[in-house]
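Below is one structure, written out as structure tokens; the observations come after it.
The first residue of the sequence shown is numbered 1, and numbering continues consecutively from there.
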Amino acid sequence: MAPEVSPRRARAVLVALSLAAFAFITTELLPVGLLTHIAPDLDRSRSQVGLLVSGYAVVVVLASVPLTRLTQRIPRRHLLGVTMLLFAAANAVAALAQTYAVLAGARLVTALAQALFWSIATATVIGPFPVAVRGRAVALFSTGATLAPVLGVPLGTWLGQQAGWRAAFAVLAGVGLANAAAVLVLLPSYPPAAGGAARGSAPDGRRFAVLLVATALGIGGLTTWQTYVTPFLLDVSGFADAVLAPLLFVSGAAGVVGTLVAARTLDARPVASLLTPLGIGTASLLGLYALGALRPGVVALLAGFGLAYAAFGSAVQNRMLHLAPGSTDIASAGVSTAFNVGIAGGSLLGGALLPVSGARPLALAGGLLALAALTLLAVDTRRARPVGPEPTVTRPSTSNHAC
């Protein structure tokens, strides 16, 4: 049995691991913002520096499930503490790197730490909360990852511009140390199998497999367009380069809103909370294809896209906690792999289409992939209905829960 955790302590763990998620995603994407500073300093091309991001995603895809299986028996307090210490050490090495090889090696270690973090963090952070409010906790945990592109990467880019790119990685190393200390102090130690969310609440192997396929398709569709949003906004919509940052902020801010909205719906309506954002994302992409030259419409659709992407990610994690056919850690590793397969596949598809057809058809291709994912999930939901309706959870009185 997992030890009792007070509501205050459970919330503190939630905040600490949400900040850790913020740090991981910021680190993953930071080379994009600092590309023009890292490349000349290390005497490398911009495309080689870009590989520090795409290679990172490949490592996460390959390592998530194997690392999770290897560490299944290690108490999560120790494992997450060591993971954050590795994160801190790798970023410290990156801050001191004088060659591209050293920086790439540091990124490899960080990617391995991230692969393990995303596989075990969700079940760990959700376990102390009552079942009735776990969806809300999932969404609040996801807020850290949602804020990273909106706040973390711009702040890291600004710091790198002002004090040199190494300073940004040094600050992230400090954040990692603080997170490691918080995890080791706040998180109780107990066998992983004893955690409150160690197993799915309504295990179903077939439906979980459908969820993984739909996640890869949906994220792939969203990423097909998102990766090349800049050429779309410049070439199709005709926006000036100076307004790109505000436009991307609109999408990121809408993502934060989407995560907060999901926090209010995931517990009572887990399936609707999964289908609705994917439907909004599909409609946004198809709308961008049809109305790409209409600037006011593009701004609204850009916000819809950002909201959908963030809310869909939270909903997938929440659904995983329901359907996981065995260990939720292994299931979470599978979800992380599906996400990164979608990201890599969508980026490759967009990169192949862009030079041939331009930026506008990327929205159509992405929209059709997202529509395929939406159809798959909708058909699966309909097939499951004769067995019984999707369970909804009645929220207990506020005095009884930790969130």
Salt bridge present between R134 and D267 (N-O < 4.0 angstrom): no
L42 side chain near T99 side chain, heavy-atom distance below 4.5 Å: no
Side chain to side chain contact (heavy atoms under 4.5 Å, CB included), that's the test. Do T157 and Q161 meet it? Break it down for me. CA-CA 6 Å; T157 301; Q161 292 169 340; 3.7 Å; yes
For A263, does its backbone N or O pair with a side-chain atom of R136 as donor and acceptor, under 3.5 Å? no
What I'd like to find out is whether the side chain of L244 reaches to under 4.5 Å of the side chain of V229, using heavy atoms alone. no
Applying side chain to side chain contact (heavy atoms under 4.5 Å, CB included) to T26 and L147, what does each step give before you reach the verdict? CA-CA 9 Å; T26 298; L147 284 172; over 6 Å; no
Check whether the side chains of T259 and T143 place a donor and an acceptor atom closer than 3.5 Å, and report yes or no. no
Determine whether a donor-acceptor pair (N or O, by modelled atom type, separation under 3.5 Å) exists between the side chain of T224 and the backbone of G366. no
Might you point out which heavy atoms bring I280 and G304 nearest each other, and give the distance in Å? CG2-O, 3.6 Å
Would you check if there is a donor-acceptor pair between the side chains of T265 and S273 at a distance under 3.5 Å? yes
Nearest heavy-atom approach of N318 to V138 is N-CG1, 4.0 Å
Atom pair CG (L288) and OG (S237), whose distance is rounded to the nearest 0.5 Å: 7.5 Å
Would you compute the distance between atom CZ of R69 and atom CD1 of I330 and round it to the nearest 0.5 angstrom? 4.5 Å
Nearest 0.5 Å, please: how far is CD1 in I126 from CG in L14? 6.5 Å
Residue pair L52 / Y100, side-chain heavy-atom distance below 4.5 Å: yes
Given 3.5 Å as the limit, does a donor-acceptor pair link the side chain of R76 with the main chain of T124, or not? no
If you define the side chain from C-beta out and look only at heavy atoms, does anything of R207 sit under 4.5 Å from R319? yes
If you compare all heavy atoms of P325 against all heavy atoms of P203, which two are closest, and at what distance to 0.1 Å? CA-CB, 3.9 Å
Pick out which of L79, N179, V175 makes a side chain to side chain contact (heavy atoms under 4.5 Å, CB included) with M84. N179
Using a 3.5 Å distance criterion without hydrogens, assess whether the side chain of R166 forms a donor-acceptor pair with backbone atoms of A97. yes
Within-4.5 Å side-chain heavy-atom neighbours: L140 and S18: no
Take V102 and Q98 through the side chain to side chain contact (heavy atoms under 4.5 Å, CB included) test and state the conclusion after the steps. CA-CA 7 Å; V102 172; Q98 298 299 315; over 6 Å; no
Is there a side-chain contact between L116 and L86 (heavy atoms, below 4.5 Å)? no
Suppose we call two aromatic rings close when their centres sit under 6.0 Å apart. Are W225 and F305 close by that rule? yes
Closest contact, heavy atoms only, A283 versus L301: O-CD2, 4.5 Å
OG of S314 to CG of L274, rounded to nearest 0.5 Å, is 11.0 Å
With F87 as reference, evaluate F24, F22, F117 under the ring-ring contact (aromatic ring centres under 6.0 Å, His included) test and give the passing residue. F24
Give me the ring orientation class for F339 and F312: parallel if the planes are under 30° apart, tilted from 30 to 60°, perpendicular past 60°. tilted
Can any side-chain N or O of N340 pair as donor or acceptor with the backbone N or O of S336 at less than 3.5 Å? yes
Where G350 and Y228 come nearest, the two heavy atoms and their spacing: C-CE1, 3.4 Å
What I'd like to find out is whether the side chain of P270 reaches to under 4.5 Å of the side chain of L266, using heavy atoms alone. no
Kindly determine whether Y56 and Q114 satisfy side chain to side chain contact (heavy atoms under 4.5 Å, CB included), including the steps that lead there. CA-CA 9 Å; Y56 193 108; Q114 178 165 321; 2.7 Å; yes
For R206, does the CZ atom have more than 12 heavy-atom neighbours from other residues, nucleotides or ligands under 6.0 Å away? yes
Between R107 and E28 (side chain of the first, backbone of the second, donor and acceptor by atom type, cut-off under 3.5 Å), is there such a pair? yes
Mark yes or no: R360 above the aromatic ring of F232, with NZ or CZ under 6.0 Å from the six-membered ring centre and no more than 45 degrees from the axis. no
Please check if atom OH in Y289 has more than 12 non-hydrogen atoms from other residues, nucleotides or ligands closer than 6.0 Å. no
Which atom pair, heavy atoms only, marks the closest approach of T337 to V61? OG1-O, 3.7 Å
Distance check, rounded to the nearest 0.5 Å: L278 atom CG versus Y309 atom OH? 12.0 Å
Non-hydrogen side-chain atoms of L159 and F169 separated by less than 4.5 Å: no
CZ-CG distance between F239 and L234, expressed to the nearest 0.5 angstrom: 10.0 Å
